[in-house]
Amino acid sequence: MTTTISQVIKSKQIELVSRPEGKPGKSNFTANTVVLSPIADGEILVRNQWMSVDPYMRGRMKEGDSYVSPFQIGEPLEGGCIGKVVESRNDRFSKGDQVLGNLGWREYWKSNGEGVQKLDPDVAPIQSYLGALGMTGMTAWVGLKRIANLSPGNTVFVSAASGAVGSMVAQIAKANACKVVGSAGKSEKIQWLRDKAGIDAVINYKTTDNLSDELGKLAPDGIDIYFDNVGGDHLEAAIDHMNDFGCIVCCGMISTYNAIEPPSAPRNLFKVIGKRLRMQGFIVRDHMADHDEFVRDLSALIRSNKIVWEETITEGLENAPNAFIGLFEGDNLGKSLVHIQGEAS
Ligand SMILES: NC(=O)c1ccc[n+]([C@@H]2O[C@H](COP(=O)([O-])OP(=O)(O)OC[C@H]3O[C@@H](n4cnc5c(N)ncnc54)[C@H](OP(=O)(O)O)[C@@H]3O)[C@@H](O)[C@H]2O)c1
């Protein structure tokens with residue numbers, strides 16, 4: 001359906017002003033207001049309601065080659081977002097449709113509809129398409145089901161276990177009759193993992209003197225799958241306790257993202273040989289062909305009350321840099337989201 005507003009729109013956006021050295025700070029970002037020209041034939045205008053902040057965005061703040069292109073200085077950042085179509089000159093979309101796109105960090109965006117997904121707001125709260133039902137939930141599922149070949153009875157260790165990906169890993173593994181040990185950095189996160197996610201044992205890595213010793217105590221029969229979100233000392237501790245022929249799923253290594261010097265751990269990588277371990281990295285977007293299966297699998301787990309999730313919500317686009325920086329301070333329990341506005345007109 002075609003609707004016409006076709007007026008210029010003022011849109012606030014968050015731009016990168018400098019590349020962080022070490023931990024990102026507020027001075028790396030600035031808010032700016034730009035004017036968008038009217039949409040052309042075939043285009044839609046979307047007003048953002050929610051946006052995601054993700055650790056991988058730190059990699060895009062650096063210059064140089066990566067699996068995603070770097071953010072440009074003086075340009076708005078990008079990332080997963082959910083918004084409402086406020087004007088459409090594209091037959092596939094109508095005014096009022098809720099859509100998933102990749103132009104977060106701004107109020108409004110225009111698109112020809114390519115790569116934009118229509119969402120069903122009746123299935124789950126709309127913002128869960130950025131978390132449990134979205135990229136982060138799918139990352140957990142792909143890592144366990146496609147990379148690690150999860151089997152009942154496995155012992156799984158997951159780091160950053162109370163975060164967006166980690167909390168899904170922990171519960172998918174529990175729902176598949178695995179023993180799950182997690183690590184997190186705050187007592188309320190530890191409590192949530194025990195009481196709400198129902199995992200078997202949790203380490204507070206910030207108060208533990210020796211991560212490897214503690215892991216050995218909590219997984220006395222060894223680890224079959226390590227789902228690595230953290231790298232560094234966590235990876236080293238996991239290697240110490242991996243069972244022969246185990247699998248290390250290299251999902252992320254957040255402890256290294258702000259490092260100025262190369263990380264000192266893991267110092268025991270040679271054990272990968274004697275233990276005949278498999279270490280495999282993956283990028284979730286390479287597995288989009290499995291998306292429907294992920295949605296079916298996860299929906300069944302949600303319906304049978306085997307999956308719960310938390311969201312840490314930051315209000316206001318102007319506070320998005322704080323939400324992003326908070327990922328590296330452990331501020332979030334579950335998925336970190338920015339609520340840009342309520343009902344879009
Ligand atoms: N491969 C892929 O396709 C893919 C896709 C999505 C995400 N990822 C990766 O998955 C990991 C988790 O992402 P997410 O979106 O779910 O983030 P998240 O876990 O929700 O948030 C980050 C958490 O990491 C922990 N953390 C931060 N700095 C740390 C450090 N130095 N040492 C130990 N823990 C630290 C904090 O929790 P604590 O309080 O526990 O410290 C923080 O809350 C990241 O490494 C990310 O890059 C990979």
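Just follow the structure's listing: the first ligand is 1, and inside any ligand the first atom is 1. Along the sequence shown, residues carry numbers from 1. It should be emphasised that the depicted structure is a prediction, and the values quoted were computed from it without experimental measurement.
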> N/O of Ala164 under 3.5 Å from N/O of ligand 1, yes or no?
Replying inline: yes
> At their closest point, which heavy atom of Lys110 faces which heavy atom of Pro38, and how far apart are they?
Replying inline: NZ-O, 3.8 Å
> Does Met135 reach ligand 1 with a nitrogen or oxygen that is under 3.5 Å from one of the ligand's nitrogen or oxygen atoms?
Replying inline: no
>> Ring-plane angle category for Trp105 and Phe324, please: parallel below 30°, perpendicular beyond 60°, tilted otherwise.
In response: perpendicular
> What orientation do Phe227 and Phe282 show, parallel under 30°, tilted 30 to 60°, or perpendicular over 60°?
Replying inline: perpendicular
>> Tell me if the NZ atom of Lys26 is crowded by more than 12 foreign heavy atoms within 6.0 Å.
In response: no
> Does an N or O from Thr139, backbone or side chain, lie closer than 3.5 Å to an N or O of ligand 1?
Replying inline: no
>> What I want to know is whether Lys335 and ligand 1 share at least one N or O pair that is separated by under 3.5 angstrom.
In response: no
> Starting from atom 27 (C) of ligand 1, which protein heavy atom do you reach first, and at what distance in Å?
Replying inline: Leu327 O, 3.3 Å
>> Which residue and atom name correspond to the protein heavy atom nearest atom 7 (C) of ligand 1, and how close is it?
In response: Val165 CG2, 3.9 Å
>> Taking 4.0 angstrom as the limit and counting only heavy atoms of Gly252, give me the atoms of ligand 1 inside it, by number and element.
In response: 9 (C), 45 (O)
> Among protein heavy atoms, which lies nearest atom 39 (O) of ligand 1, and at what distance?
Replying inline: Lys189 NZ, 2.6 Å
>> Show the nearest heavy-atom pair for residues Gly25 and Ile325, with the distance to one decimal.
In response: C-CD1, 3.5 Å
>> For atom 33 (C) of ligand 1, what's the nearest protein heavy-atom neighbour? Residue, atom name and distance, please.
In response: Tyr205 OH, 3.2 Å
>> Please identify which of these residues, Ile73, Asn28, Leu77, meets the side-chain contact (heavy atoms from CB on, under 4.5 Å) condition with Met61.
In response: Leu77
> Do any nitrogen or oxygen atoms of His234 come within less than 3.5 Å of a nitrogen or oxygen of ligand 1?
Replying inline: no
>> With heavy-atom distances below 4.0 Å as the criterion, list the atoms of ligand 1 near Val230.
In response: 32 (N), 33 (C), 34 (N)
> Where is the nearest protein heavy atom to atom 17 (O) of ligand 1: which residue, which atom, and how far?
Replying inline: Pro55 CG, 3.5 Å
>> Return the closest protein heavy atom for atom 3 (O) of ligand 1 as residue, atom name and distance.
In response: Val284 N, 2.8 Å
> Looking at Leu193, Val180, Val156, which hits side-chain contact (heavy atoms from CB on, under 4.5 Å) with Asp200?
Replying inline: Val180
>> Donor-acceptor pair, distance only, cut-off 3.5 Å: does the side chain of Glu15 make one with the backbone of Phe29?
In response: no
> Against heavy atoms of Met253, which atoms of ligand 1 measure under 4.0 Å?
Replying inline: 45 (O)
> Nearest to atom 2 (C) of ligand 1, what protein heavy atom do you find, and at what distance?
Replying inline: Phe282 O, 3.8 Å
>> Could you identify the single nearest non-hydrogen protein atom to atom 26 (N) of ligand 1 and state the distance to 0.1 Å?
In response: Ile254 CG2, 3.7 Å
> Considering only heavy atoms of Ile283, which atoms of ligand 1 have at least one such atom less than 4.0 Å away?
Replying inline: 3 (O)
> Taking only heavy atoms of Ala184, which atoms of ligand 1 are found under 4.0 Å from at least one of them?
Replying inline: 40 (O)
